[in-house]
Protein chains: 2
Amino acid sequence: MIYVTIIEDHQDFREGLTFLLNASEGYTCVDNFGSAEEAISSLSGREDVILLDINLPELSGIEAIPLIREKHPQVKIIMLTVCDDDDTIIQAILAGADGYLLKKTAPEKLLSSLQDTLEGGSAMTPSIANKVFSLFKKHVPVKNNAISLSSRESEVLQLLVEGLDTAKVAKKLFISIQTVRNHIRHIYKKLQVHSKSQAVAKAIKEGLV
Amino acid sequence: MIYVTIIEDHQDFREGLTFLLNASEGYTCVDNFGSAEEAISSLSGREDVILLDINLPELSGIEAIPLIREKHPQVKIIMLTVCDDDDTIIQAILAGADGYLLKKTAPEKLLSSLQDTLEGGSAMTPSIANKVFSLFKKHVPVKNNAISLSSRESEVLQLLVEGLDTAKVAKKLFISIQTVRNHIRHIYKKLQVHSKSQAVAKAIKEGLV
DNA sequence: GGTAAAATGACGTAAAAGTGTCATTGTATA
DNA sequence: TATACAATGACACTTTTACGTCATTTTACC
């Protein structure tokens with residue numbers, strides 16, 4: 001038996017969902033709340049998984065995640081929302097959601113997602129998965145293997161990315177400023193840049209560090 | 001009717017999959033190949049979606065993706081593999097896969113994933129989705145909302161990240177070098193840094209651009 | 001044993017950057 | 001209406017950068 005709590009401000013939807021869960025074998029809705037504040041103060045702790053709306057009055061679903069986790073670290077949280085814009089999805093994932101479903105998701109899919117989540121997976125509708133794939137491609141650096149820095153050069157570049165200037169790098173590596181200048185010069189040549197900031201930008205974007 | 005091509009070197013699995021597809025209403029296996037090379041030279045173009053193994057002899061499934069896309073830009077490609085290590089998943093997503101399923105995926109789930117993919121979604125098993133979530137958290141910058149740059153400051157910072165120096169920024173924004181210096185000065189104060197490279201690093205890492 | 005690359009270091013110089021101080025104008029917002 | 005902030009621009013000054021040229025030592029490889 002999977003115990004579910006719903007946090008959702010639209011009464012009709014909340015009640016519909018409660019009915020669906022209780023009518024489905026193996027699922028029980030143990031609680032439902034109309035706001036995040038109410039839920040946070042009254043959560044029974046009996047639920048295995050929480051279906052959490054994002055667009056709640058006052059405290060949003062995303063802001064609620066860390067507060068819920070504070071008291072119930074092991075409960076699974078699935079976002080259930082109409083929002084599918086990039087930033088909302090990113091924020092939810094970063095906040096620690098275990099799943100992200102759209103409200104138009106078919107009932108059977110919703111129920112199986114609860115199951116999947118409890119087995120350690122993350123629930124997503126295919127359209128959300130598609131967005132996550134795109135966002136992933138946008139944010140993960142494309143390793144550039146064409147650029148081969150020497151170990152010392154990599155070391156220097158790493159320190160530059162961490163914000164050290166030439167003098168600090170020299171001090172840290174126990175070598176002279178002149179030598180660091182030389183390494184930087186070689187790094188510039190290999191990365192085809194002409195300043196520290198360009199080198200740092202390229203290093204981060206191309207996954208050289 | 002959904003037309004599917006299978007590229008998979010294990011004969012038993014390939015034949016089992018072919019049988020499953022042809023036995024299921026609405027699905028037809030139009031071709032199957034034991035290697036990527038064979039597939040690339042002989043693809044009929046009749047398929048809507050390709051189920052592609054990663055661990056193929058010679059050319060790997062990941063290397064095959066761009067070659068397949070070259071000739072068939074609109075075909076959907078779902079990776080079907082036993083590998084679930086982080087790097088393989090990342091590489092597949094970056095190479096442009098439309099889905100990523102494990103071979104142990106239940107037949108019904110596999111069939112519905114084909115459907116989902118054709119509707120523009122991305123197919124993933126919940127366990128893979130979970131990995132993608134983790135990887136996402138690892139790679140996506142944590143937006144720092146405590147830092148509030150003015151619109152002009154953001155604009156300048158953006159250009160610095162793109163590698164422009166002070167003079168180029170001034171030219172691009174049709175303002176004087178002195179003004180750009182001033183904006184940069186304010187940016188430094190807000191980001192609490194003292195050089196372009198530090199600002200650029202912080203901008204990228206904290207998602208300010 | 002010679003060649004190449006890496007790591008170290010130096011001198012010089014023009015350009016750029018970083019920072020302090022100041023001023024004007026426009027746009028909100030309390 | 002006063003106050004704050006954003007955007008614009010300037011002058012001065014010191015430090016740092018970027019780059020050219022050069023040299024020594026070590027390590028790796030054919």
Side-chain angles (χ1 to χ4, degrees), chain A residues 57-58 60 87 141 143-209, chain B residues 141 143-209:
Chain A
E58 301 287 322
S60 83
D87 205 54
K143 260 268 179 44
N144 189 338
N145 295 311
I147 297 172
S148 72
L149 298 175
S150 75
S151 64
R152 204 52 156 171
E153 284 160 4
S154 298
E155 220 169 340
V156 171
L157 184 55
Q158 173 66 48
L159 293 174
L160 292 183
V161 168
E162 287 169 17
L164 280 68
D165 62 19
T166 309
K168 295 235 175 62
V169 172
K171 204 163 202 173
K172 187 133 196 171
L173 298 183
F174 303 106
I175 54 180
S176 89
I177 291 183
Q178 294 303 328
T179 304
V180 177
R181 279 188 190 310
N182 239 339
H183 287 311
I184 291 176
R185 188 198 307 250
H186 294 141
I187 292 170
Y188 286 0
K189 192 155 236 164
K190 289 182 180 176
L191 303 200
Q192 300 189 71
V193 299
H194 302 278
S195 72
K196 281 200 183 47
S197 49
Q198 289 181 326
V200 166
K202 197 150 189 171
I204 299 177
K205 289 177 186 167
E206 316 233 326
L208 301 174
V209 288
Chain B
K143 254 252 182 59
N144 189 336
N145 296 311
I147 297 171
S148 71
L149 298 174
S150 74
S151 63
R152 204 53 157 170
E153 285 160 1
S154 298
E155 221 169 340
V156 171
L157 184 55
Q158 173 66 49
L159 294 174
L160 291 183
V161 168
E162 286 170 17
L164 280 68
D165 61 20
T166 309
K168 296 234 174 63
V169 172
K171 204 164 201 173
K172 187 133 196 171
L173 298 181
F174 302 106
I175 55 181
S176 89
I177 289 183
Q178 293 302 330
T179 304
V180 176
R181 269 150 142 18
N182 240 338
H183 287 310
I184 291 177
R185 188 197 308 250
H186 294 141
I187 292 170
Y188 286 0
K189 191 154 238 163
K190 290 183 181 178
L191 303 201
Q192 301 189 72
V193 298
H194 302 278
S195 72
K196 281 200 183 48
S197 49
Q198 289 181 326
V200 166
K202 198 151 189 170
I204 298 177
K205 288 176 186 167
E206 316 234 325
L208 302 173
V209 290

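This is a predicted model, so every value here is computed, not measured. Residue numbers begin at 1 in each chain, while the letters A, B, ... track the order of the sequences.
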d(CG, B:L149; P, D:dC5) in whole Å: 15 Å
d(NE2, B:H186; C1', D:dA7) in whole Å: 9 Å
A:K190 atom NZ, neighbour heavy-atom count above 12 within 6.0 Å: yes
Presence of A:T166 side-chain N/O under 4.0 Å of D:dT17 phosphate oxygens OP1/OP2: yes
Length of the line joining A:R181:CZ and D:dT15:C1', which is rounded to integer Å: 11 Å
Nucleotide nearest B:S176 when distance is taken to its side chain, options C:dA7, D:dG9, C:dA10: D:dG9
B:S197 vs C:dA17: side-chain N/O to OP1/OP2 distance below 4.0 Å: no
N/O contacts under 3.5 Å, protein versus nucleotides 23-30 of chain C?
none

Reported CD1-to-CD1 distance for the pair A:I177 and A:I184, which is rounded to 0.5 angstrom: 10.0 Å
Nearest-neighbour nucleotide for the A:S150 side chain, C:dA7, C:dT19, D:dA7 considered: C:dA7
Phosphate OP1/OP2 of C:dG9 contacted by A:T179 side-chain N/O (<4.0 Å): yes
Which atom of A:I175 lies closest to which atom of A:R152, heavy atoms considered: CG2-NH2, 3.6 Å
B:Y188 side chain near C:dT19 phosphate (N/O to OP1/OP2, under 4.0 Å): no
Nucleotide nearest A:H194 when distance is taken to its side chain, options C:dT19, C:dT8, D:dC19: D:dC19
Length of the line joining B:D165:CG and C:dA17:P, which is rounded to integer Å: 5 Å
B:I187 CD1 to B:Q192 CD distance, which is reported to the nearest 0.5 Å: 14.5 Å
Sugar-phosphate, base or nothing in reach of B:R152, heavy atoms under 4.0 Å: sugar-phosphate
A:K205, NZ: over 12 other non-hydrogen atoms inside 6.0 angstrom: yes
Under 4.0 angstrom between A:S195 side-chain N/O and D:dT16 OP1 or OP2: no
Interatomic distance, A:L160 CG vs D:dT16 P [rounded to whole Å]: 15 Å
Verdict with reasoning, A:V156 to A:E153, per side chain to side chain contact (heavy atoms under 4.5 Å, CB included): CA-CA 5 Å; A:V156 171; A:E153 284 160 4; 5.7 Å; no
B:E206 side-chain N/O to B:K202 backbone N/O, donor-acceptor pair under 3.5 Å: no
B:R185 CZ to D:dA12 C1', straight-line distance once rounded to whole Å: 11 Å
Separation of D:dT21 P from A:Q178 CD (nearest whole Å): 16 Å
Spacing of A:K196 atom NZ relative to D:dC19 atom C1', expressed in whole Å: 13 Å
